[in-house]
Amino acid sequence: DEFRRLESEILKDLSSRNQAVIALGGGSLLRLKNQHLVFKTGKVIYLKAELKTLLLRIEQSTQDRPLLNKSPVTFLLAERLPGYLLAHHT
């Protein structure tokens with residue numbers, strides 16, 4: 001979709017910078033080209049949180065989370081976990 005396309009474009013631009021810290025969104029690593037890019041250009045750190053903690057954060061958030069209207073958190077987490085587990089550090 002357009003959001004993921006734009007996300008990939010911005011990530012490509014940011015990854016070309018030296019000594020940058022880039023905070024990725026939860027679904028950024030769903031695209032293989034994003035995975036290849038971030039692992040080629042830097043170190044990836046997975047900030048793991050328990051499901052209970054994630055649910056509490058989402059409940060307290062004022063941000064619009066359109067994906068949560070379509071899929072439960074457990075599904076999104078399971079879908080994203082393979083990319084997260086490739087991280088250099090957890």
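If you read the sequence from its start, that first residue is 1, and numbering goes on from there.
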Going from CZ on R5 to CD1 on I10, what distance comes out if it is rounded to the nearest 0.5 angstrom? 9.0 Å

Atom CG of L11 and atom OG of S16: how far apart are they, to the nearest 0.5 Å? 10.0 Å

When you group the ILVMFWY residues by side-chain heavy-atom contacts below 4.5 Å and let the links chain together, are F75 and L55 in the same group? yes

Is there side-chain contact between Y46 and L81, with heavy atoms separated by less than 4.5 Å? yes

Can you spot which of S15, S8, S28 makes a side chain to side chain donor-acceptor pair (under 3.5 Å) with N34? S8

Among the clusters formed by ILVMFWY side chains lying less than 4.5 Å apart, do L29 and L47 turn up in the same one? no

Supply the atom-to-atom distance L54 CG to L77 CG, rounded to the nearest 0.5 angstrom. 6.5 Å

Hydrophobic clusters here meaning ILVMFWY residues chained together by side-chain heavy-atom distances under 4.5 Å, can you tell me if F39 and L30 are in one? no

Honestly curious: do V38 and L86 fall in one hydrophobic cluster under the side-chain, below-4.5 Å linking rule? yes

Before you tell me yes or no, could you show the steps for L56 and K52 under side-chain contact (heavy atoms from CB on, under 4.5 Å), namely the whole-Å CA-CA distance, both residues' side-chain angles and the distance that decides it to 0.1 Å? CA-CA 6 Å; L56 183 61; K52 184 170 87 172; 6.0 Å; no

Same apolar cluster: I58 and L51, side chain cutoff 4.5 Å: yes

For R57 and A49, the nearest pair of non-hydrogen atoms, with its separation, is NH1-CB, 3.9 Å

Measure the spacing between OG1 of T74 and CG of L76 and express it to the nearest 0.5 Å. 8.0 Å

Looking at K12 and E9, does any basic side-chain N land under 4.0 Å from a carboxylate oxygen? no

State whether the side chain of Y84 and the backbone N or O of T90 hold a donor-acceptor pair below 3.5 Å, judged by distance alone. no

